[in-house]
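Below is one structure; the comments refer to it alone.
Protein chains get the first letters and strands the later ones, always in sequence-line order, with residue 1 at the start of each. Computed from heavy atoms alone, side chains included, the values below leave out hydrogens, waters and symmetry copies. Nothing here was measured: the structure is a model prediction, and the numbers come from that model.
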Amino acid sequence: MALRDLFRRGPAPAAPAPPLPEEERRGFLGRLKAGLARSSARIGEGLASLFRKRRMDDAALDELEELLIAADLGAAAAKRIVDRFRIARFGEEVTDLQLREAIADEIAAILAPIAVPLVPDPARAPHVVLVVGVNGTGKTTTIAKLASLWAGQGLRPMLVAGDTFRAAAVQQLQIWGERTGCPVVAGAPGADAAGLAYDALARARAEGADVLLIDTAGRLHNKADLMAELGKIVRVIRKLDPTAPHSVLLVLDATTGQNALQQVKVFGEMVDVTGLVVTKLDGSAKGGIVVALAEACGLPVHAVGVGETAEDLRPFDPRDFARSLVGLDERADG
Amino acid sequence: MFDALSGKLTGILDRLKRRGALSESDVAEALREVRIALLEADVALPVVKDFIAKVRDRAVGEAVLKSVTPGQQVVKIVHDALVEMLGPAAPGLDLAASPPVVVLMLGLQGSGKTTTAGKIALRLKERERKRVLLASLDTRRPAAMEQLAILADRAGVISLPIVAGQGPVEIARRALDEARRGGFDVLVLDTAGRLAIDEALMAEVAEIAAVARPHEKLLVVDAMTGQDAVTVARAFHEKVGVTGIVMTRMDGDARGGAALSMRAITGAPIRLVGVGEKLDALEDFHPDRVAGRILGMGDVVSLVEKAAATIEAEEAEKLAAKIQKGSFDLEDFRRQLAQIARMGSLQGLLGMLPGVGRIKAQMAEAKLDDRIIKRQIAIIDSMTKAERRRPEIIKASRKRRIAAGSGTRVEDVNRLLKQFDDMTTMMKRVQKMGQKGLLRQGLGALLPGGMNLPGGGRRPF
């Protein structure tokens, strides 16, 4: 079944992210490099052994396709990239470096339209951000990171402990609230998340918060009743503010394989996801699924998570990401 | 859980089925597509290659090329190889050590370690009457220890009191002391999620393992994991030595190829699968079931497929037309019986249907076996053409002749005729359904419906 066909009607590509200030760039690169070191080394090795003294023939291209698949790019995205090579470069003698550059450019071009930072709209105050995702992707941690980022910019975020299901999820967010100095709205365990969100929005308005970050319980997208619950949260907060939620973030784990496509599709259908945050990119997972997602749905990637502390949230830089992915990180600053 | 891959593989293998005989290039083509399907299902590349090589070795050669239905043969080879790779079945936890048996939970962040620890505690307490102590060594994620304490409460087991400021190794020591002193059977140690490439944290977990000497080292893996499964499995296996795998979120719709990857890399059995957020949502692992789903031939699907492969298409169409006209006769009935005989033993056939365990037991009691079908075919064979077309003309004298001719008794002939009557009645009911539905209904009616026939303990169906 051609799953990817279901995504063909993605939103129009947004403007590419503005270049980062040099200082931040290095910090981010350092982390991303460290995180991607192992994976890019492996891809790099594969490419090196493949192409250093080799012609671009069918066998070489097939192996290239497999390597991209092994980076979680997905069969479809890998095939498209390789096919473009087949047309443009077939039979050529290509050096390892040229090949990496070309692949990185190809991937960066796919990713460029989706690198869009999330900036709270002051006119909305409170700008309501609903954070959704399957279990264990890092929703609560991402909220803490966003809160820390925005608080550092002088905004006043307020957090809503909307995961009333998982044991100690509320405490987890409350601890983050203390660490980041942001107020946390919490209810009793098992309380109705929609009602809680409604009260929180009322309170955020009263207290003049700039951003309201709503945490939700992790849920598998194939559980219709749990998904309907998300829909209810949206319906209920719209009673107070018909334009809310202004952003709906789907948090994706970089270790996730092809199922991410399904997650994006189903969550998107239920709550109109406006953007993605990709977490755990500091691990050995390559996050190649981001490339597949860019091709499939074109949703913006607002940020990437590269660690467990509040500072470990970075803007998504397609060029660095792509170059790191194919083992070109040492040249990324050039 | 493996539905998506099922669809993919079923599509590929269906094409194979439609061909009469298989050439080696057919096998190669099919396997290339199986490989892509497995990759799309997140089975890691090296594991896929290994699997394909294995299947190719088995498939190319006489078994496939000379068999009557080559497609079926390939399905079976792929299926068997999958089962073999995924197995063993339902190994459960290995608790064969002197108490307190230490179980160490390992995995990436967010894989479901803490929830699984709670589930295991409940399972051991309820099913095996073990005294379980839960202890969290997760000093990193905020409120992780509280989470485990709450889960312990819900499971009705004891958790190690939280002492602020202690490091993971210290807590492990304290937990071990407490488990020994308190006479616990099992100590489950939950650890912080860690990345496979985080040298410091991997060293820490190795130290924990050295101190706690866990008998069972469970790697907890999200069923949605992609190609990275290999790296994770390899890293944890090298550092700590994985003794078992728990797949979580198997209730999702991920294709779950990570199960194959992890199993292949560590060699450790898949001990349990998590199928929900509630504490009792932990199940045994069934490789045949999982492999069956991967191939799209689990349970009912497999029955239908098998039937579809055996029944000639035109024959089925003819049958459908006859039923439409209401001219279904004993000749057709005989053909259906022959099909069932061809499909294999009745017991096996019933085994493929979900929820027939009870009926199966009844059948065993009634000593129902395949000989009955053969006997029934013999009865019909002993009829004249006129009798087969118009069973209503069969009266006492004809019955005696038929019974004598087929080596049965008049009661057996009566039973067959009654059954045929029931069946034609049922056929009329399903007339509105399509051909496929009809065939399925026909079989269904032959099986559980037949059990409601009035009469003694020995029933043909």
Side-chain angles (χ1 to χ4, degrees), chain A residues 1 3 34-35 37-39 42 66-67 69-72 74-76 78-79 134-138 140-141 144 165-176 179 189 217-223 226 253-260 262-263 266 279-280 282-286 288-289 308, chain B residues 4 7-8 11 35-37 39-46 48-49 108-112 114-115 118 140-151 153-154 192-198 222-232 235 248-249 251-258 276-277:
Chain A
M1 93 170 187
L3 182 62
R38 177 172 279 218
S39 51
R42 180 135 37 82
E66 279 186 351
L67 278 166
I69 290 172
D72 278 329
K79 188 172 187 313
V134 300
N135 318 61
T137 55
T140 307
T141 308
F165 184 83
R166 181 169 64 86
V170 172
Q171 288 96 312
Q172 187 183 346
L173 193 69
Q174 279 169 334
I175 292 169
W176 278 118
R179 288 187 193 169
R219 64 203 73 220
L220 292 173
H221 49 282
N222 61 337
K223 307 238 161 144
L226 294 181
D253 184 332
T255 54
T256 306
Q258 302 305 304
N259 190 245
Q262 194 63 15
Q263 290 177 25
V266 179
T279 61
K280 304 181 201 172
D282 48 332
S284 52
K286 300 154 196 75
I289 190 64
E308 289 175 293
Chain B
K8 197 90 195 168
R35 185 182 64 174
I36 293 296
L39 285 172
E40 279 187 356
D42 293 322
V43 181
L45 188 60
V48 171
K49 287 189 161 172
L108 300 179
Q109 290 92 339
S111 57
T114 307
T115 304
R140 298 170 62 83
R141 184 163 59 88
M145 304 179 92
E146 287 79 0
Q147 185 186 349
L148 191 69
I150 293 168
L151 291 175
D153 246 24
R154 286 188 197 158
R194 63 201 72 223
L195 296 164
I197 53 166
D198 191 326
D222 186 329
M224 296 181 282
T225 309
Q227 298 283 328
D228 191 45
V230 175
T231 319
V232 173
T248 59
R249 312 207 177 108
D251 50 329
D253 63 358
R255 302 180 187 187
E277 294 179 80

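In this structure, chain B has a heavy atom under 4.5 Å from the side chain of A:Val134, while its backbone stays farther away. Only the side chain of A:Asn222 has a heavy atom closer than 4.5 Å to any heavy atom of chain B. For chain B, no part of A:Thr137 is nearby; none of its heavy atoms comes within less than 4.5 Å. Of the two parts of A:Gln174, neither the backbone nor the side chain holds a non-hydrogen atom closer than 4.5 Å to a non-hydrogen atom of chain B. Residue B:Leu108 touches chain A through its side chain alone, counting heavy-atom pairs closer than 4.5 Å. Contacts between B:Arg154 and chain A at a heavy-atom distance below 4.5 Å involve the side chain alone, from C-beta outward.
Rounding to the nearest 0.5 Å places CD of B:Gln109 at 6.0 Å from NZ of A:Lys280.
Side-chain contact between A:Thr256 and B:Thr225 is absent, with no heavy atoms from C-beta onward closer than 4.5 Å. Annotation: side chain of B:Met224 is not in contact with side chain of A:Asp253 (no heavy-atom distance under 4.5 Å). At least one side-chain heavy atom of A:Asp72 sits less than 4.5 Å from a side-chain heavy atom of B:Asp42. Taking the side chain as every heavy atom from C-beta outward, A:Thr255 and B:Asp222 never approach each other to under 4.5 Å.
Residues meeting the salt bridge (charged side-chain N to carboxylate O under 4.0 Å, His left out) test with B:Glu277, sequence neighbours left out: none.
For the residue pair A:Gln171/B:Gln147, the side-chain donor-acceptor check at 3.5 Å is not satisfied. Judged by distance alone, the side chains of A:Ser284 and B:Asp228 do bring a donor and an acceptor atom under 3.5 Å apart.
At distances below 3.5 Å, at least one donor-acceptor pair connects side-chain atoms of B:Arg249 with backbone N or O atoms of A:Asn135.
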